Chemist: 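This is the structure I have questions about; it appears just below.
These numbers were taken from a predicted model, which means no experiment stands behind them. FYI, the numbering just counts along the sequence from 1.
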Amino acid sequence: MAVSSGFVTTFSGAKMETLLAHLAPTTQVWLVGKPGRRNQRVPLAKRGGVRCEVVTSATEAVIESDAGFDRPKVSGLSALEQLKTSAADRYTKERASIVVIGLSVHTTPVEMREKLAIPEAEWPRAIEELCGLNHIEEAAVLSTCNRMEIYVVALSQHRGVKEVTEWMSKTSGIPVSEIAQHRFLLYNNDATRHLFEVSAGLDSLVLGEGQILAQVKQVVKVGQGVVGFGRNISGLFKHAITVGKRVRTETNIAAGAVSVSSAAVELALMKLPESSHATARMLVIGAGKMGKLVIKHLVAKGCTTMVVVNRSEEKVAAISEEMKDVEIIYKPLTEMLTCASEADVVFTSTASETPLFLREHVEDFPAVGSEVGGLRVYNVDDLKEVVAANKEDRLRKAMEAQAIIADESKQFEAWRDSLETVPTIKKLRAYAERIRVAELEKCLSKMGDDISKKTRRAVDDLSRGIVNKLLHGPMQHLRCDGSDSRTLSETLENMHALNRMFSLETEVAVLEQKLRAKQSQK
């Protein structure tokens, strides 16, 4: 492949080993910058048939062929070693990013959200598939009626977003261009703050509603034991639960707050003439969590009789037992259309993946009396009309919660920063332990075989005590958890110094192992 032919290709660090393994022996690799920049090619290495050169603002790779030169072949692995310090292997020098690719009630119509939705039972499979993508390390899915958000730890922000969006398109059947039109993208601290706001109920249609916190908890529960639900993502969601609880405890954001279910009841009553509130015939389809909440809010508004349609009678009977002063009439799913034709208001809350009512069903319903205001259909997006009230009070409560979220975000980032030094801490301890054990064996062998167990234990404890005291200082300077004034840059400088002094080689090796493991799975 000659440069004069105009052939230029870009490739990721994760693909470098495979690519170089198939290059001709007379191939040289150049790393060049984007057009329009002043770039200077600087040789990195030259051995055999592969020469690697880097440009100061390198972002793309160009492959050239030097025909006519008889150079010895070099293995793909050797070429990879030569590229360790190049921009093509930049993932080994960058910390992976937390990214959220989301579509919510604020940006996306309900029809699209329904197609993108992933049932809770499918979350583990989705996590495994996402983590099988080239640049995704960890993943979690938060899928509710109001949002479809995928949280990932990506080795490359751009490529990670591209791969996840394509995966969403493949699983939903929605074109990538359409998803891109409605999605929102947040990275690192912004992604962290967003999830904290979601958990606190600040991003909900109904400010402070509690159901979203339960849904965030469910993400953690379902993710336990799933390989791709790793340390960063699980830590993020667990911290989000803490934030949600703290916001609701320390502010009055939940005082008087309504849930999606209560907002639906409010909307129905807003649309009904006030004179018909007491006599309107209510039908609830579905007796799950949401359906039960609808029933409770109807009772709170003075409704004493209602019909509940459900697949089985068991859940309806349990609700009836709990609300003994209310007449709850159970009807099987087979009678749903008949019940709907007789009702004035119908609430639907099921996990059905197919429409409950078709146009021809509704057309066959008898005419609705003028006293109830005529036939209207509302979905979850119409709840905005309900929550528009008391906007000023909602904003004040949100400001109180934001102060807590800012504080918790700093704590989470400090915890995540501290993870940078974990490999070095482990390797330094292992290095010291190897020396301790070797020297202990030498000492005990010189003392002879007739020494007592008590003496052996004393010598062993002495060696451990010496090592722990010697490591205490370095370990303290490798921690960056926000408990002292040490900055992250100072901590990382200490880490690099220890890596050099003790040849721990943590900086490149850890992420390189991840990339190799990812590639070997293909």
Chemist: Applying salt bridge (Lys or Arg N to Asp or Glu O under 4.0 Å), run through Lys292 and Glu322 and close with a yes or a no.
Modeler: CA-CA 11 Å; Lys292 183 178 179 180; Glu322 187 177 335; 2.9 Å; yes
Chemist: Taking atom CZ as the centre, does Arg125 end up with more than 12 heavy-atom neighbours from other residues, nucleotides or ligands that are less than 6.0 angstrom away?
Modeler: yes
Chemist: Check whether the ring centres of His106 and Phe184 lie less than 6.0 Å apart, and answer yes or no.
Modeler: no
Chemist: Side chains of Arg159 and Asn134: any donor to acceptor distance under 3.5 Å?
Modeler: no
Chemist: Give the intermediate values and the outcome of side chain to side chain contact (heavy atoms under 4.5 Å, CB included) for residues Ile118 and Met148.
Modeler: CA-CA 8 Å; Ile118 300 176; Met148 166 57 177; 3.4 Å; yes
Chemist: Quick one: pull up CG in Leu195 and CD1 in Ile233 and give me the separation to the nearest 0.5 Å.
Modeler: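 Separation between the atoms: 8.5 Å.
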Chemist: Side chains of His135 and Gln157: is there a donor and an acceptor less than 3.5 Å apart?
Modeler: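 The criterion, which ignores hydrogens and geometry beyond distance, is not satisfied for Gln157 and His135.
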Chemist: Quick one: are Ile241 and Val220 in side-chain contact, heavy atoms under 4.5 Å?
Modeler: yes
Chemist: Apply side chain to side chain contact (heavy atoms under 4.5 Å, CB included) to Ile285 and Leu356, showing your working.
Modeler: CA-CA 9 Å; Ile285 301 176; Leu356 294 175; 4.2 Å; yes
Chemist: Measure the CD1-CG distance between Ile404 and Asp407 for me, rounded to the nearest 0.5 Å.
Modeler: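 Here the interatomic distance stands at 8.5 Å.
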Chemist: Could you check whether atom CD of Gln224 has more than 12 heavy atoms from other residues, nucleotides or ligands sitting under 6.0 Å from it?
Modeler: yes
Chemist: For Thr165 and Arg183, does a side-chain donor sit closer than 3.5 Å to a side-chain acceptor?
Modeler: yes
Chemist: Decide salt bridge (Lys or Arg N to Asp or Glu O under 4.0 Å) for Glu342 and Arg281; before the verdict, give the C-alpha distance in whole Å, the side-chain angles of both, and the deciding distance to 0.1 Å.
Modeler: CA-CA 8 Å; Glu342 297 172 351; Arg281 296 166 295 181; over 6 Å; no
Chemist: To the nearest 0.5 Å, how far apart are CD1 in Ile179 and CG in Leu116?
Modeler: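 One gets 5.5 Å once the value is rounded to the nearest 0.5 Å.
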Chemist: Please work out which of the three classes, parallel, tilted or perpendicular, describes the rings of Phe237 and Phe229, given edges at 30° and 60°.
Modeler: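 Because their plane-to-plane angle lies in the 30° to 60° range, the rings of Phe229 and Phe237 count as tilted.
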Chemist: Within the structure provided, determine whether Val345 and Leu283 are in side-chain contact (heavy-atom separation under 4.5 Å).
Modeler: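 Side-chain contact under 4.5 Å: no.
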Chemist: Heavy atoms, side chains only, cut-off 4.5 Å: are Leu333 and Asn310 in contact?
Modeler: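 A side-chain contact under 4.5 Å is absent here.
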Chemist: Output the distance between atom CD (Gln215) and atom CG (Asn146), rounded to the nearest 0.5 Å.
Modeler: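 The CD atom of Gln215 sits 8.0 Å away from the CG atom of Asn146.
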Chemist: Can you label the angle between the His194 ring and the Tyr151 ring as parallel, tilted or perpendicular, going by 30° and 60°?
Modeler: parallel
Chemist: So Lys162 and Glu166, salt bridge (Lys or Arg N to Asp or Glu O under 4.0 Å) or not? Walk me through it.
Modeler: CA-CA 6 Å; Lys162 181 175 183 292; Glu166 289 173 349; 2.8 Å; yes
